[in-house]
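Naming: A, B, ... by sequence-line order, numbering from 1 per chain. Note that the structure is a prediction, hence the values are computed from the model and not measured.
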Amino acid sequence: MRITTWNINSVRLRIGLALKLLDQSRPDVLCLQETKCPDEQFPFEAFRDIGYKYIAVNGMKAYNGVALISRVPFESELALDWTERSDCRHISGVFPGDIEIHNFYVPAGGDEPDIERNDKFAHKLDFMSEMTDWFSSNRKKSDKVVLVGDLNIAPLESDVWSHKQLIKVVSHTPIETLSLTRLQETLNWIDTTRLIHPEPKKLYSWWSYRARDWSTSDKGRRLDHIWVTPPLKSYIGEAYILREARGWEKPSDHVPVTTKLDLD
DNA sequence: ATGGTGGATGCTCCA
């Protein structure tokens, strides 16, 4: 089972790139974030026409939005609200083999890493805390669960272009990386990308639109993650980040991240 | 220290 997560930054604007991605890598499940699309305007037909017939969406006008796009049937679709907001940041489903996939778009957190002065930063930390409580209370380490998405946190020194220069920048501050560690501890989650590509290898999945030359300056961060619970660890086959997608025409600022589980 | 770009929307918000 090949699983890809991608913050597409508008599914309608980039439907062509989504089809190109599916055509070239044929994942079983594509998990999108920032679809920025009300459910009734989601381009279902374009995906179904190339064999991705099973689709679940949780979208809204202008902001956020997530989707599960699959070649294989799934059930128990669930879209939860977090921090008492209906802002379309989660969707999940149960796939063949009794594997549950949770797709998240964690709030970015604004510019200032101070919960007193920045409500968005407080919201981000509250969101992480609520995710941690939810998985602690509702799932077990022995369950087969996959957690993917744009978590908007680059936890390790080798997940950013400069640990020193980003230590006070939202996405890489100690309080955020600690919140991610707390979440990781709930079910002993395994970071599949890092399992295959250990530190100190630099890994990025996002490069700002604001750079003059994203590739040459290469000031990236690894914000997009695929985690699995312990029962799935032995199945992790390949894991890769499609850096070249940042160079596609009219790209998203994030690139697709993929993990293959070699199930029996 | 600052501003740089991009998407959706509708004269601004968010990343």
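- The aromatic ring centres of A:Trp134 and A:His102 sit less than 6.0 Å apart.
- In the set B:dC13, B:dG6, B:dA15, B:dA15 carries the atom at the smallest distance from any side-chain atom of A:Ala108.
- Atom pair A:Trp214:CH2 and B:dG6:P shows a separation of 14 Å (rounding to whole Å applied).
- For the OP1/OP2 pair of B:dG10 and a distance below 4.0 Å, the side-chain nitrogens and oxygens of A:Lys61 include at least one atom meeting the criterion.
- Annotation: of the two residues near DNA chain B, A:Asp150 and A:Ser10, the 5′-most nearest-nucleotide partner is A:Ser10.
- A:Arg139 and A:Thr186 form no side-chain donor-acceptor contact under 3.5 Å, judged by distance and modelled atom types alone.
- Between A:Gln41 atom CD and B:dG7 atom P the separation is 17 Å, expressed in whole Å.
- In this structure, the NE2 atom of A:His123 is 15 Å from the C1' atom of B:dC13, given to the nearest Å.
- Relative orientation of the A:Phe42 and A:Phe44 rings is tilted, given thresholds of 30° and 60° on the angle between their planes.
- A:Lys219 has its NZ atom 13 Å from the C1' atom of B:dG3, to the nearest Å.
- Annotation: B:dT9 and B:dA15 have their C1' atoms spaced 15 Å apart (nearest Å).
- At whole-Å resolution of the value, CG in A:Asp111 and P in B:dA1 are 15 Å apart.
- The 5' end of DNA chain B is approached more closely, in terms of each residue's nearest nucleotide, by A:Ala62 than by the other of A:Asn152 and A:Ala62.
- Whole-Å rounding puts the A:Trp206 CH2 to B:dG6 P distance at 13 Å.
- If you check distances only, the side chain of A:Arg210 does reach the base of B:dA15 with a donor-acceptor pair under 3.5 Å.
- Side-chain contact annotation: A:Glu176 with A:Ser171, donor-acceptor N/O pair under 3.5 Å absent.
- You'll find that the side chain of A:Arg12 is closest to B:dT9, out of B:dA15, B:dG7, B:dT9.
- Contact annotation: A:Lys250 side-chain N/O to B:dG6 OP1/OP2 distance is not under 4.0 Å.
- For A:Glu130 and A:Thr83, the side-chain atoms include no donor-acceptor pair closer than 3.5 Å.
- Comparing B:dG10 with B:dC14, their C1' atoms are spaced 15 Å from each other, to the whole Å.
- A gap of 23 Å separates the P atoms of B:dG6 and B:dT2, to the nearest Å.
- In this structure, CG of A:Asp253 is placed 12 Å from C1' of B:dC14, rounded to the nearest angstrom.
- Regarding A:Lys36, its NZ atom lies at a distance of 15 Å from the P atom of B:dC13, rounded to whole Å.
- With distances taken from any side-chain atom of A:Tyr209 to the nucleotides B:dG6, B:dA15, B:dA8, the minimum falls on B:dG6.
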